[in-house]
Amino acid sequence: MSGQGTEEARRRDGADPLARFRGRFHIPPGTLYMDGNSLGLASEDALASLERAAASWRDLGIRGWLEAKPDWFTYGERLGAKMAPLVGAFPDEVVLVGSTTANLHSLAATFYRPQGTRRRILADELNFPSDLYALASQVRLHGGHPERDLILARSADGRTLDEEALIALMDDTVALAVFPSVLYRSGQLLDLRRLAEAAHRRGIVIGFDCAHSAGAVPHRLHDDDADFAFWCTYKHLNGGPGSPAGLFLHRRHFGREPGLAGWFGTVKERQFDLALDFEHQPSAGGWQMGTPCILSAAALDGALDLFAEAGMESVRAKSLGLTGFLLDQAEARLVPLGFRVGTPRESERRGGHVALEHPEGWRICCALKARGIVPDFRPPQVVRLAPVALYTTFEEVERTVAALEEIVRNREYEAFPAARAAVS
């Protein structure tokens, strides 16, 4: 299948400095994969790292905690340090631990300290609902009521957020603010520095959910003065299904007591003293709780090597090229057919995926899958497409647009039921 833009796509692929990385990923046979913002693909590097960890378990047993290469005892801190350059942090400000929602609970338990009239948490209605569930439960744990104490900033268009409107809600009743770096439906990238500066001028602690940006957008979490951040590693970072999450804690907070403590956050040299008094590591590592999941983390170890080799700035440059090309093609060929582009056009305002809206979005996704193209769907009508810098080609982007064009022109989606599957 070829269409408008094919020659331009091939020209860009011919000049792609990251093209060599595609061969190191396992792309499912017969598949054009556009769902890297939900689950990144397996790489040879990730699988080799996983096999090494499994072999250490097989050959060393419990000795692997200190004798495996790399050792398991410091795995969370070591992988945190490997992720740190991708998010603009010092090595000791990042740790690999838990899950995205568990890390939000841990950080909110640390920083949400309602006192007097300053009792509210500020979030937004477009955030991933799991974050809102967690924040509501933290409010309840402190004797508050979410309807009163969890403020959800509204979106004017149902797709994007305006930083000025968010800042206007930062008054002296707010104790904590939590926003996404990239909105999971529309792909809008927020200005983290602007939000952090505004929050701190008003005495508010602020954190960011970077699940849809880590590995696609080069952050500067330390310099932007975020108090904390958290993210998953199975999307753009390609760590594998259920791989542990990342947690960032600004150095100025290392002296705080973790809100949820556990033995793996103990000062490493004294962890096996098993003292009754808890003394946490003076780093992000102090926010670990239980024993880390070594096999779940091992694939990420190899996956991160690809980013170190490619360079995060190069990854971002190609990602913007891919999404920009997709937007150009969509506006020229799909908007006239009833699609609406929900992603900001400006490069500084978008993350690593594009949202295309159509009243038949769900059935269009089904029709794409029937053609071997893997998108994902977010209600009520968003077809999300995530061309990934390390393994997606510009020609694949053009082929995806051509398929969408044919599916709508020929009404192919009508062959599929309107009821959504359990996982979309």
Side-chain angles (χ1 to χ4, degrees), residues 32-40 124-131 153-163 179-191 209-217 232 235-236 316 319-369 373-389 392 394 396-405 407-408 413 420 423-424:
L32 197 163
Y33 197 78
M34 299 291 285
D35 201 11
N37 62 325
S38 285
L39 179 64
D124 67 275
E125 66 176 349
L126 299 183
N127 205 338
F128 193 69
S130 188
D131 287 4
R154 302 301 175 187
S155 166
D157 60 7
R159 299 175 182 85
T160 59
L161 297 171
D162 175 63
E163 285 90 350
F179 299 115
S181 55
V182 167
L183 276 63
Y184 80 100
R185 282 196 182 96
S186 69
Q188 179 195 7
L189 173 63
L190 295 180
D191 187 337
D209 180 345
C210 297
H212 283 85
S213 58
V217 176
C232 58
K235 293 183 172 68
H236 294 285
R316 176 61 169 164
S319 175
L320 285 173
L322 288 165
T323 54
F325 181 62
L326 175 52
L327 288 169
D328 288 341
Q329 293 291 304
E331 288 170 354
R333 302 163 63 181
L334 301 180
V335 170
L337 298 177
F339 282 90
R340 177 164 183 165
V341 175
T343 302
R345 198 69 181 81
E346 305 86 351
S347 60
E348 70 275 11
R349 302 292 286 168
R350 70 175 188 270
H353 68 272
V354 169
L356 301 177
E357 302 173 13
H358 192 281
E360 292 288 354
W362 166 247
R363 294 203 287 178
I364 289 171
C365 281
C366 293
L368 279 174
K369 291 176 184 178
I373 300 173
V374 182
D376 74 357
F377 174 79
R378 289 296 177 263
Q381 57 183 18
V382 178
V383 179
R384 290 198 312 182
L385 301 172
V388 175
T392 305
F394 286 90
E396 286 179 319
V397 170
E398 196 284 328
R399 288 170 55 199
T400 299
V401 173
L404 286 166
E405 196 174 16
I407 285 167
V408 174
Y413 57 83
R420 273 195 298 122
V423 178
S424 59

Short question: side chain of Thr343, backbone of Ala355 - any donor-acceptor pair under 3.5 Å? yes
Do the rings of Phe128 and His212 sit parallel, tilted or perpendicular, given the 30° and 60° boundaries? tilted
Are Thr323 and His353 close enough, and set up right, to give a side-chain contact (heavy atoms from CB on, under 4.5 Å), and what steps lead you there? CA-CA 7 Å; Thr323 54; His353 68 272; 6.0 Å; no
Are the side chains of Lys369 and Pro375 in contact, using a 4.5 Å heavy-atom criterion? yes
pair Ser38-Lys235: side-chain heavy atoms closer than 4.5 Å: no
Side chains of Val382 and Phe377, heavy atoms from C-beta outward: is any pair under 4.5 Å? no
Any non-hydrogen side-chain atom of Leu385 less than 4.5 Å from a side-chain atom of Leu404? yes
So Phe325 and Glu398, do their side chains get closer than 4.5 Å, heavy atoms only? yes
Who pairs with Arg316 by salt bridge (charged side-chain N to carboxylate O under 4.0 Å, His left out), at least two apart in sequence or on another chain? none
With sequence neighbours excluded, residues passing salt bridge (charged side-chain N to carboxylate O under 4.0 Å, His left out) with Glu357: Arg159
Please confirm whether the backbone N or O of Tyr184 pairs with a side-chain atom of Arg384, one donor and one acceptor, at under 3.5 Å? yes
Can any side-chain N or O of Gln329 pair as donor or acceptor with the backbone N or O of Val397 at less than 3.5 Å? no
Has Glu163 got a side-chain atom pairing as donor or acceptor with Leu190's backbone, closer than 3.5 angstrom? no
Any chance CZ of Arg349 has more than 12 other-residue heavy atoms, nucleotides or ligands included, within less than 6.0 Å? yes
Asp162 and Thr160: CA distance, side-chain angles, deciding distance, side chain to side chain donor-acceptor pair (under 3.5 Å) verdict: CA-CA 7 Å; Asp162 175 63; Thr160 59; over 6 Å; no
Mutual orientation of the aromatic rings belonging to Phe339 and His358 [parallel < 30°, tilted 30-60°, perpendicular > 60°]: tilted
